[in-house]
Student: 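Before anything else, here's the structure in question.
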Amino acid sequence: MTSPFVYRAVDSTGRRVRGTEPATSSIALSQALESRGFVVLEVQEAQESGKQGFSLGLARKREVLEVTRALAALLPAGMPLASALDAASHLATGEVRTALEAVRGEVERGRALAESLAQHPALFPPLYVGLIRAGERSGTLDAAFLRLSTQLEHDSALRARLLSVSIYPIVLGLAGGAAIMVLLFFVIPRFAALLQDTGIALPRTTALLLALSAAIRSHWPVLLTLMAGAVALLVWSRTSEAGRRASGLLLLRVPLLRSFRQHALGARFARLVSTLLGGGAPLLTALDDTIESIGEPLAREETARIRDRVREGGSLSATLAESTLFPPLLPQLVSVGEESGRLPEFLTKAADILEERTERALARIVAAIEPAMIVVFGGIVGFVALSLLQAIYSVNAGALR
């Protein structure tokens, strides 16, 4: 079983290089690097370096996008590939620049660009490598980089739009939760001390509120543990294969979120396959690369099933029509694309439509969540205010007797 390893070495020209490669062990990677003329300085598992974390950070994604844009502009101008890689590497820093320098060295020694990029899976995912491989095979490498830059820009813009829609409810939830904690831990205890000194019988709502505040303050380690558990569960659902699968199944079973999830996965599938087909890859190869690129476990399993059915002779549209994971619109447009011989074009249309529906569905979900959160937090604050006012009124009424 292979695992990603980070290495530092010196190449035949004396230049230090750093990169990431999969290998069965650090010894095996060291031997492979030495056989290619490197002097190995250090090899360690990527997880041990503490710098890998998520496969692609936002900063590295932006640098990869800038490099791809540069290559898409330099190659059509007639610049040799090695020179274009050297020029593009100056737009990046850190790990991305080191990887590009290593890729340039491999290309200068006669290795295919796709194979060289595949040695750095943390920076260049299978979709990237697959599209470059298709471009090399068809002799349209410059067009492949242009498609890649368009795809990466589109992904970046979509992530930004989805994030902007989600910011307000997140901020509202944090602010509302903080306000409630301040009331329970600081405001109510002060009123409790004042009210208890009066000796007046408190209204039931006030007594309930004081008892709830006292229970939370006395058992705050339990509350803190529950919050930490919720955060850990969220991290697990985003970073582990089992967690992503469990969260995906949960989202598909929630009526309000099911349509949103189906449209999002259908758009991702259509975009990946259309991009690979447009780059010259055969359908089965495009489906293979999509399996490696799609990320979502349920979508990956469904794509593998679709690939197997297509390999057995079934049409893509008929196989998609059998799926319960993707929306019905997708096989309908794919069928039109197959009949007209314009499958990549209609897959792109399907991706555009489904992404638009995904954004609209997310907007509807947020529109429903925002007033619900306002009502919940407003109800809690109103209950606290009413309970305290009742207590103050009782104290004043008792003083007048």
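Throughout, residue positions are numbered sequentially from 1 according to the sequence presented.
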Student: For the CE atom on M227, are there more than 12 heavy atoms of other groups (residues, nucleotides or ligands in this structure) within a distance under 6.0 Å?
Tutor: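 Counting neighbours around CE of M227, 12 or fewer heavy atoms of other residues, nucleotides or ligands fall under 6.0 Å, so no.
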
Student: Given side chains that start at C-beta, do those of I306 and E322 come closer than 4.5 Å, heavy atoms only?
Tutor: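 No, their side chains stay 4.5 Å or more apart.
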
Student: Whether the side chain of S335 engages the backbone of P331 through a donor-acceptor N/O pair (distance < 3.5 Å, no angle test) should be reported.
Tutor: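 Flag not set: sc S335 to bb P331 has no pair under 3.5 Å.
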
Student: Would you list the pairs meeting side-chain hydrogen bond (donor to acceptor under 3.5 Å, both in side chains) in which at least one residue belongs to residues 68-78, sequence neighbours left out?
Tutor: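 For residues 68-78: E66-R69, T68-Y128, R69-E153.
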
Student: Working to the nearest 0.5 Å, report the span between CG of L272 and CG of L277.
Tutor: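 It is 11.0 Å, given to the nearest 0.5 Å.
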
Student: Keeping to residues at least two apart or across chains, list the salt bridge (charged side-chain N to carboxylate O under 4.0 Å, His left out) pairs with something in residues 163-173.
Tutor: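 As it turns out, there is no salt bridge (charged side-chain N to carboxylate O under 4.0 Å, His left out) pair with a partner in residues 163-173 once direct neighbours are skipped.
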
Student: Looking at every heavy atom in both L123 and V64, which two are closest together, and how far apart are they?
Tutor: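 Answer, listing the atom of L123 first, then V64: O-CG2, 4.0 Å.
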
Student: Charged N to carboxylate O below 4.0 Å: is that the case for R305 and E301?
Tutor: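 E301 and R305: not salt-bridged.
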
Student: Quick one: list whatever passes salt bridge (charged side-chain N to carboxylate O under 4.0 Å, His left out) with E355, sequence neighbours left out.
Tutor: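 If we apply the salt bridge (charged side-chain N to carboxylate O under 4.0 Å, His left out) test to E355, skipping adjacent residues, the hits are R271.
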
Student: Quick one: which residue pairs count as a ring pair (Phe, Tyr, Trp, His ring centres under 6.0 Å) with a foot in residues 265-285, not counting sequence neighbours?
Tutor: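 Counting only pairs at least two positions apart or across chains, the ring pair (Phe, Tyr, Trp, His ring centres under 6.0 Å) contacts touching residues 265-285 are F269-F326.
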
Student: Which pair of heavy atoms, one from A246 and one from W236, lies closest together, and at what distance?
Tutor: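 Reported closest heavy-atom pair: CB-CH2, 4.1 Å.
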
Student: In chain order, what residues pass the side-chain contact (heavy atoms from CB on, under 4.5 Å) check against S247, with sequence neighbours excluded?
Tutor: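 With sequence neighbours excluded, S247 shows a side-chain contact (heavy atoms from CB on, under 4.5 Å) to S237, given in chain and number order.
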
Student: Looking at every non-hydrogen atom in both residues, tell me the closest pair between L91 and A70 and how far apart they are.
Tutor: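 The answer is CD1-CB, 3.4 Å.
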
Student: Could you grab the distance from atom CG of L265 to atom NE2 of H263, nearest 0.5 Å is fine?
Tutor: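 Between atom CG of L265 and atom NE2 of H263 there are 11.0 Å.
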
Student: What's the separation between atom OG1 in T348 and atom CG in L343, rounded to the nearest 0.5 Å?
Tutor: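 Output value for this atom pair is 9.0 Å.
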
Student: Would a 4.5 Å heavy-atom cut-off, applied to side chains only, mark E106 and L85 as touching?
Tutor: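 SC-SC contact between E106 and L85 ruled out.
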
Student: In Å and rounded to the nearest 0.5 Å, what is the CG to CD1 distance from L212 to I216?
Tutor: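 The CD1 atom of I216 is 4.0 Å from CG of L212, to the nearest 0.5 Å.
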
Student: Kindly write out the residues that satisfy salt bridge (charged side-chain N to carboxylate O under 4.0 Å, His left out) with R261, not counting sequence neighbours, or none if the list is empty.
Tutor: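 If we apply the salt bridge (charged side-chain N to carboxylate O under 4.0 Å, His left out) test to R261, skipping adjacent residues, the hits are E296.
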
Student: Is a side-chain N or O of E101 found less than 3.5 angstrom from the main chain of S89, in a donor-acceptor match?
Tutor: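 No: the side chain of E101 does not pair with the backbone of S89.
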
Student: Residues in side-chain contact (heavy atoms from CB on, under 4.5 Å) with S35, at least two apart?
Tutor: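 Partners of S35 by the side-chain contact (heavy atoms from CB on, under 4.5 Å) criterion come out as none, since no residue qualifies.
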
Student: Mind jotting down which residue pairs meet the salt bridge (charged side-chain N to carboxylate O under 4.0 Å, His left out) criterion with at least one end in residues 342-351? Sequence neighbours excluded, please.
Tutor: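 Pairs touching residues 342-351 that pass the test: R342-E345.
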
Student: Who are the side-chain contact (heavy atoms from CB on, under 4.5 Å) partners of A82, not counting sequence neighbours?
Tutor: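 A82 satisfies side-chain contact (heavy atoms from CB on, under 4.5 Å) with R104, E108 once adjacent residues are dropped.
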
Student: My understanding is that only residues two or more places apart in sequence, or in another chain, count here; which of them pass ring pair (Phe, Tyr, Trp, His ring centres under 6.0 Å) with F145?
Tutor: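 Partners of F145 by the ring pair (Phe, Tyr, Trp, His ring centres under 6.0 Å) criterion come out as none, since no residue qualifies.
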
Student: By salt bridge (charged side-chain N to carboxylate O under 4.0 Å, His left out), which residues pair with D308, not counting sequence neighbours?
Tutor: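 Per chain and number, D308 pairs via salt bridge (charged side-chain N to carboxylate O under 4.0 Å, His left out) with no residue.
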
Student: For A84 versus L75, what's the shortest heavy-atom pair and its separation?
Tutor: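 Shortest heavy-atom contact: CB-CD2, 3.9 Å.
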
Student: Work out which heavy atom in L316 is nearest to a heavy atom in V310; give both atom names and the distance.
Tutor: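 Heavy-atom minimum between the residues: CA-CG2, 4.1 Å.
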
Student: Which heavy atom in G314 sits nearest to a heavy atom in T319, and how many Å separate them?
Tutor: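 Where G314 meets T319 most closely, the heavy atoms are C-OG1, 4.4 Å.
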
Student: Could you tell me whether the side chain of E302 and the main chain of L325 form a donor-acceptor pair under 3.5 Å?
Tutor: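 A pair under 3.5 Å: no.
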
Student: With sequence neighbours left out, what residues match A350 under side-chain contact (heavy atoms from CB on, under 4.5 Å)?
Tutor: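 By the side-chain contact (heavy atoms from CB on, under 4.5 Å) rule, A350 matches A270, L330, L333.
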
Student: Using a 4.5 Å cut-off on heavy atoms from C-beta on, say whether the side chain of E63 contacts that of R97.
Tutor: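 Heavy-atom side-chain distance check fails, nothing below 4.5 Å.
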
Student: Would you mind reporting whether L252 and T324 have side-chain heavy atoms less than 4.5 Å apart?
Tutor: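 Not in contact.
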
Student: In Å and rounded to the nearest 0.5 Å, what is the CG to CG distance from L71 to L146?
Tutor: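 Separation between the atoms: 11.5 Å.
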
Student: Test L148 against I132 for side chain to side chain contact (heavy atoms under 4.5 Å, CB included), laying out the working first.
Tutor: CA-CA 9 Å; L148 268 174; I132 294 302; 3.5 Å; yes

Student: Run the numbers on L208 and F383 for side chain to side chain contact (heavy atoms under 4.5 Å, CB included), then give the verdict.
Tutor: CA-CA 11 Å; L208 176 62; F383 173 75; 4.3 Å; yes

Student: Donor-acceptor pair, S213 side chain versus L209 backbone, under 3.5 Å?
Tutor: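 Here the side-chain-to-backbone pair does not exist.
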
Student: For the NE2 atom of H219 and the CG atom of L226, what is their distance to the nearest 0.5 Å?
Tutor: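 These two atoms lie 12.0 Å from each other.
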
